[in-house]
Amino acid sequence: MDKEWITGAEAMMRALQAEGVTTIFGYPGGAIMPVYDVLYDYTQGEKKVFDHILVRHEQAAAHAAEGFARVSGKVGVALVTSGPGATNTLSGVADAMMDSTPIVVIAGQVPISMLGTDAFQEVDLVGVSQPISKWSYQIRRAEDIAWAVSRAFFIARSGRPGPVVLDFAKNAQLEKIEYHPTKVNFVRSYVPFPTLNQNAVRQAADLINHAERPLALVGQGVELGDAHEELKAFLEKADIPAGRTMLGLSALPDDHPLNIGMLGMHGNYAPNKKEQECDVLIAIGMRFSDRVTGNVKAFARQAKVIHLDIDKSEIDKNVKTDVAVVADCKVSLPAITALLEEKHHDAWKASFLPLYEEEKVKVIEPAIHPTKGPLRMGEVVHQFAEATKGEAIIVTDVGQNQLFTIRYSKFRHKRSLCTSGGLGTMGYGMPAAIGATYGNPDRMVLCFMGDGGFQMCMEELGTIMEHARPIKMIMLNNHYLGNVRQWQDMFYERRKSFTKMKNPAYELIAQAYKIPYELVYEREKLPEAIDKMLKTEGPYIMECIIMEDDDILPMTPPGSNVDEMVLEIYI
C-alpha cells in the first residue's frame, strides 16, 4: 500500500479531530493561511467536522473559547495568525490561567528560517506567553504536530485545567509528512492527579468530627472536578454550612439548605462575618483570593484550616493550613465523607439568621424592590432571575454589572456562570457568551454588561449577527465606569477622574447589526420588556438606564478584615 503524505496543515486538522474538537473560534491571516485553506474543506459538505466561528477580534476568540469551555467542561480552541493576531489573544490566555479554564490557542508563526530577523508579524509568542499559560510550545516541524496537539490537550484539560499556546511555524504547516496519530496521556514530571494521602484524609475527618462551628468555602474546583454530588453528600452528612466563591456560585444550588451565600468583598454579610467565628474552616477547590480573605493576616485566625485542592502550589500560599488534602476533590470529598460522623449544627446555623435579616433589610430589599427613583441594577437582575427561574446560563462582563449580577442571579444547575474572576477582564462578556451558546446550545444565555464593557467588545455584534447567536444582552447603563466611580467616591474624596462616559446611540448600533433592541428606563415597563425579550428568538439587546450613583453593597473595604464588611457607605 502506498504511504499517505499530507501537509502539516492537514495534520493539524486531523490532530484536532482526534481530540474531539467540534468548534473553533478564529481569525485568519498570512502566517496561518495554510491551515485556513485546509480548514475550508473541514467545514463544508459531507466532510464537515468543525464549526468555525469568525470573530471580529482575536481577543474575542480566546474569550469565546473560554465561554465554551466553562459551560461544556471541554477544551475551547482559538485559531489566529502571528504577530498582533497572537498577542491579541494574550488577555484571554491570562484570564484562562487565572480562572483555570482549559483552552488551546493555536497561532501562526513565520517560518523557522526567518525567526530572529524581525520578519513581518514576527513575535516571540512562546517567550511572552510562557508566564501566563500552563504550557507554551513552538511547533517547528510537521512531524511534531500530532504529538504537540495531543500533549497540549492533555495538559489543558488534566489536573488543574488551564490554557496552552501552540506557536505553529509556517514551514511546519507546509511540509509534507507521513501522518501517524499520537495519544499523549503521560508527561514526565507532570502529576495532574496527585495520590490521595489517607493520613491527611483521617486528620481532616477528625477535625470536622470534633468541630462545633464548621464552615465550608466552596470554590470552582468543585465545578472543574465535576464533584457536585460529592460536595452535597459531604456537607449533608456533617451538616456543614457552605459559602461559595464567585467562580463557585453554581457548584451548589442556591436553594440547597446548607448554602449560606457568596463569600468575598461584595459577597453576603453572614458568611463573611462567620468566617471569623468558625472553629474549623474547610476550603474546597478555592485559592484564598485576596477578594475572599480581605486582610489575610487576620483571616480566620481562630479556626483550624483544612484545604482540599488538586494543586499543591496553592497550599499555604496565602493562608496557612492545618491539614492539606492534595487531590481531585471528586476523590478527596467522598474519602473524607466516609469517615465523618452524622452531625447536627442547628445552633451554629441559626446564628447566621440575624445577619441574613440585617443584610436583607439594609441592602437586598432596597436593591431589588426600590419604590422610587431611577432603575437599580439589582432590580433588573432580580427580575431576570425571577423570569428565568435560575435556568439560564449567566455571563457577565466586569465591574458593577458583574457584582450585581452574581449577587442577584439564581443558580440551580452546574456550570451556569461565566465571568472573569481573577483577571477581571472588561470586554469578556459578549465573546464569552458567544462561546457559551456553542458549549451548551440547549440553555438560554443571558449576558449582563455595563456600558463600558459593552463598548470594549461591541465589534462582536458582527459575530452574533452572522451566526445568529441567541444571546440576550442586558446593558446596565449608568454612564459611568461604575465600579471605579464607587471607589473614587469612597476612597478618593469623590474626585471622579475620567470615569463618566459619553455614550453612543446604542439603538442605532443595534439597528446596524439587525439585532432587536429596546430601551428601558421606567420601572413599570421593565417586566413587560423582559417578557418580550425572553420570548423573542435569536439575539436581543436591552439597554436599561440605571441610577448613576448606584453602589454595590455590602463591601469589605480593601485591606480590611472580612468581619469589617459594611452594609452602608458613609461619605
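Owing to the predicted nature of the structure, the values given are computational and were not obtained by experimental measurement.
- Side-chain contact, R415 with N440: no donor N or O sits under 3.5 Å from an acceptor N or O.
- Looking only at side-chain heavy atoms (C-beta outward), V149 and L166 come within less than 4.5 Å of each other.
- In this pair, Y438 and H467 present their aromatic rings perpendicular. The plane angle is above 60°, beyond the 30 to 60° band.
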(request) Could you go through the ring pair (Phe, Tyr, Trp, His ring centres under 6.0 Å) check for F448 and F404 one step at a time? (result) CA-CA 10 Å; F448 292 87; F404 275 104; over 10 Å; no
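- Judged as a side chain to side chain contact (heavy atoms under 4.5 Å, CB included), and not counting sequence neighbours, the contacts of S82 are A31, Q109, Q121.
- There is no side-chain donor-acceptor pair under 3.5 Å between E379 and H382.
- The local environment of OH in Y27 is sparse, with at most 12 non-hydrogen atoms from other residues, nucleotides or ligands closer than 6.0 Å.
- Aromatic ring centres of F454 and Y506 lie closer together than 6.0 Å.
- Side-chain contact annotation: Q511 with Y517, donor-acceptor N/O pair under 3.5 Å absent.
- In this structure the side chain of M473 never reaches within 4.5 angstrom of the side chain of M542, judged on heavy atoms.
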(request) Check the pair H52, Y36 against side chain to side chain donor-acceptor pair (under 3.5 Å), reporting the backbone distance first and the verdict last. (result) CA-CA 10 Å; H52 177 271; Y36 266 90; 2.8 Å; yes
(request) Test side chain to side chain donor-acceptor pair (under 3.5 Å) on Q400 and D550 and set out the steps. (result) CA-CA 9 Å; Q400 283 186 324; D550 200 2; over 6 Å; no
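- Under 3.5 Å, the side chains of Y42 and Q17 contain no donor-acceptor pair of N or O atoms.
- Of the N and O atoms on the side chains of T89 and Q59, not one donor lies less than 3.5 Å from an acceptor on the other residue.
- No hydrogens or angles considered: a donor-acceptor pair under 3.5 Å links the side chains of H413 and E391.
- When side chains are defined from C-beta on, W147 does not count as touching I139, because their heavy atoms never get closer than 4.5 Å.
- Side-chain atoms of T396 and T419 include a donor-acceptor pair closer than 3.5 Å.
- Looking at N503 and Q455, their side chains do bring a donor and an acceptor atom within 3.5 Å of each other.
- Remark: the D311 side chain and the S313 side chain contain an N/O donor-acceptor pair separated by less than 3.5 Å.
- The cationic group of K317 does not satisfy the cation-pi geometry with F288, failing either the under 6.0 Å distance to the six-membered ring centre or the 45° limit from the ring axis.
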(request) Go through the steps for I282 and I240 under the test side chain to side chain contact (heavy atoms under 4.5 Å, CB included), then give the verdict. (result) CA-CA 9 Å; I282 310 109; I240 302 171; 4.2 Å; yes
(request) Might you work through the side chain to side chain donor-acceptor pair (under 3.5 Å) test for S416 and R443, ending with a clear yes or no? (result) CA-CA 9 Å; S416 291; R443 294 181 64 189; 2.8 Å; yes
